[in-house]
Amino acid sequence: MPAVAEVMSTVASNPSPRGCDLPTCPVCADSMVAAEGSAYLSENVISYLWTCDTCGYGFVTKHAVSKRFVCN
């Protein structure tokens, strides 16, 4: 089955990734719980790969983060 990807860009208003709204599938409107993968693209940009469990549609979101995360 061929994969289709779409990139949607967002700016996170809350620096915590858990505080952001989770996406819904643009094809079947099913709720998406967790990204399939993620990657740091630059110092403040994170990319997430989403795949719908219901219809198989895949897309990528990019989030700009205003603050750096620091682990204690």
Next item on the list: Working to the nearest 0.5 Å, report the span between OG of S31 and CG of D53.
Entry: 11.0 Å

Next item on the list: Tell me, with the steps shown, if I46 and L41 meet side chain to side chain contact (heavy atoms under 4.5 Å, CB included).
Entry: CA-CA 6 Å; I46 304 170; L41 300 180; over 6 Å; no

Item checked: Atom of V33, atom of W50 and distance for their closest heavy-atom approach -> C-CZ3, 4.3 Å

Item checked: same_hphob_cluster(M32, V27) at 4.5 Å side-chain heavy-atom cutoff -> yes

Note to self: Let me confirm one number: the SG-OH distance from C52 to Y57, rounded to the nearest 0.5 Å.
What the structure shows: 10.5 Å

Notebook entry, point to check: Is the number of heavy atoms from other residues, nucleotides or ligands under 6.0 Å of D30 CG greater than 12?
Noted result: yes

Next item on the list: Could you pull out the closest heavy-atom pair between T51 and E36, with the gap in Å?
Entry: OG1-OE1, 2.6 Å

Next item on the list: State, to 0.1 Å, how close T24 and F59 come at their nearest heavy-atom pair, and which atoms those are.
Entry: O-CZ, 4.3 Å

Note to self: Over 60° means perpendicular and under 30° means parallel, so tell me whether H63 and Y48 are parallel, tilted or perpendicular.
What the structure shows: perpendicular

Note to self: Walk me through whether S47 and S38 qualify under side chain to side chain contact (heavy atoms under 4.5 Å, CB included).
What the structure shows: CA-CA 5 Å; S47 174; S38 62; over 6 Å; no

